[in-house]
There are 2 protein chains.
Amino acid sequence: MNQDGVDLETSLGYLLKEASSALRAAMEEVLRPLGMNVTRYSCLELLAQRPGLSNSELARGAFVTRQSMNVLLQALEREGYVTRPAEAPVGKVLPTRLTPRGRRSLEKATVAVRSVEVRMLAGMTETEQSDAFRSLQSMIHSLRKGNDGA
Amino acid sequence: MNQDGVDLETSLGYLLKEASSALRAAMEEVLRPLGMNVTRYSCLELLAQRPGLSNSELARGAFVTRQSMNVLLQALEREGYVTRPAEAPVGKVLPTRLTPRGRRSLEKATVAVRSVEVRMLAGMTETEQSDAFRSLQSMIHSLRKGNDGA
DNA sequence: TGATTCATGTCAGCATTCTGACATAGGTTG
DNA sequence: CAACCTATGTCAGAATGCTGACATGAATCA
């Protein structure tokens, strides 16, 4: 049966899903005591590194639809973590920015997330890490080649 | 700001999420015309390779909660893709098996999914693939070390 | 210039997954 | 044997993400 199927034990795809799942679980675990989850953290981190991103750009950066990100942004705005202008300076794009409160909240989360990433990479040499980096980039590139192309 | 944050451009964690997202999207795309999605496929593939798995075991194998898998199994059973005994042979565990219909449905999906995995690995040598395999295993192991340990 | 195409923000409805909780079976330990 | 602990299946409710759809602004093009 294994010759016929994908063979979960040796499938890189399955292992990729497993690793991603483990990473997400570990992140949720350290983020939960801070009243945060992975998607919220991703959004805030994106805004810290690239202030003024639009809803659609944030969605692409966090790997969710722009509809989902919109719901999240409305919540973050209501709770005072981010601000968006009432009117678009140009076109329909509403540039989003962190508030001081959002920045403070992100700081704690960043420490927690970084500790998870450090733990994940423990036991790997610098070379192994950059090899893994290149491999993942190659997979992403190959997966996107035959399709949309965004 | 990048010295202070996680730096999304060079973070292996972010890249891992990106790769997993790209893989999932590619799989959903080829599975959709077959009336299937990733979770359903994962469940059927697990059952093909390890017949008689319980609901909880399937949940762990597909990286969802046993509650979610239970919902899925009830749907698959209702639609005639899998069968479960009305009463547990031993304990509370209900061993699940594919029906002929489930097996037929899985065959087409397996072909589609395998083509995605082949595309993902195109451009990587055998050595690069096994290096990536080991790296991912290392990450998974390290992530799970400090925690639950299931 | 006018028409077309594309990207964006947003609303509504649906699907999926999760957390919380409960009862029950089996194994473990005193 | 009895008490405890763990794992399982399941129900209910909430959170989260998605698809479909629409109007609008910008860019492209004839």
| Is any side-chain heavy atom of B/Ser54 closer than 4.5 Å to a side-chain heavy atom of B/Pro95? | no
Identify which nucleotide among [options] has an atom closest to any side-chain atom of [X], counting heavy atoms from C-beta outward.
X	options	answer
B/Thr39	C/dT17, D/dG17, C/dG9	C/dT17
B/Val71	D/dG25, D/dG9, C/dT17	C/dT17
A/Leu94	C/dC18, C/dG9, D/dG17	C/dG9
A/Arg60	C/dT8, C/dT10, D/dT10	C/dT8

| request: May I ask you to decide whether B/Arg40 forms a salt bridge with B/Glu45, counting only side-chain N to carboxylate O separations under 4.0 Å? | output: no
| message | What I want to find out is whether A/Arg144 reaches B/Glu18 closely enough, with some N-O distance under 4.0 Å, to be called a salt bridge. | response | yes
| query | Which of residues 31-38 of chain A have a heavy atom under 4.0 Å from DNA chain C? | reply | A/Arg32
| remark: Note: contacts of residues 73-80 of chain A with DNA chain C (heavy atom, under 4.0 Å) are A/Gln74
| query | Within 45° of the ring axis of A/Phe63 and under 6.0 Å from its six-membered ring centre, is that where the NZ or CZ of B/Arg24 lies? | reply | no
| said: Taking the cut-offs as 6.0 angstrom to the six-membered ring centre and 45 degrees off its axis, would you call B/Arg104 and B/Tyr81 a cation-pi pair? | reply: no
In whole Å, I'd like the distance from the [atom1] atom of [X] to the [atom2] atom of [N].
X	N	atom1	atom2	answer
A/Leu58	C/dT8	CG	P	11 Å
B/Leu53	D/dA7	CG	C1'	15 Å
A/Asn70	D/dT16	CG	P	15 Å
B/Glu29	D/dT19	CD	C1'	15 Å
A/Lys17	C/dT17	NZ	P	9 Å
A/Glu87	D/dG25	CD	C1'	13 Å
A/Leu72	D/dC18	CG	C1'	15 Å
A/Glu28	C/dC18	CD	C1'	10 Å

| message | Could you work out how much the helix from C/dT1-D/dA30 to C/dG30-D/dC1 bends, comparing the axis of its first five pairs with that of its last five, to 10°? | response | 40°
Below the 4.0 Å mark, does [N] have OP1 or OP2 next to a side-chain nitrogen or oxygen of [X]?
X	N	result
B/Thr65	C/dC18	yes
A/Ser54	C/dT8	no
B/Ser68	C/dC18	yes

| message | Quick check on DNA chain D: between A/Val64 and A/Val90, whose nearest nucleotide comes earlier from the 5' end? | response | A/Val64
| field | 5′-ward residue of the pair A/Gln67/A/Arg24 relative to DNA chain D | value | A/Arg24
Determine yes or no for a side-chain-to-main-chain donor-acceptor pair under 3.5 angstrom, with [X] supplying the side chain and [Y] the backbone.
X	Y	value
A/Thr96	A/Arg84	no
A/Ser135	A/Asp131	yes
B/Tyr14	A/Ser42	no

| What about A/Met36 and A/Met27, same hydrophobic cluster or not, with Ile/Leu/Val/Met/Phe/Trp/Tyr joined at side-chain heavy-atom distances under 4.5 Å? | yes
| Yes or no on side-chain hydrogen bond (donor to acceptor under 3.5 Å, both in side chains) for B/Ser68 and B/Thr65, after CA distance, side-chain angles and deciding distance? | CA-CA 5 Å; B/Ser68 298; B/Thr65 63; 3.0 Å; yes
| said: Please identify which of these residues, A/Met69, A/Gln67, A/Gln74, meets the side-chain contact (heavy atoms from CB on, under 4.5 Å) condition with A/Asn55. | reply: A/Met69
| note | Here the gap from A/Leu16 atom CG to A/Leu136 atom CG, rounded to the nearest 0.5 Å, amounts to 6.5 Å
| Quick one: on DNA chain C, does B/Phe63 or A/Arg84 contact a more 5' nucleotide (nearest heavy atom)? | A/Arg84
| Hey, mind stepping through A/Ser11 and B/Glu117 against side-chain hydrogen bond (donor to acceptor under 3.5 Å, both in side chains) and telling me if it holds? | CA-CA 8 Å; A/Ser11 159; B/Glu117 181 142 359; 3.0 Å; yes
| With a 4.0 Å cut-off on heavy atoms, is B/Arg40 in touch with a base, just the backbone sugar-phosphate, or nothing at all? | nothing
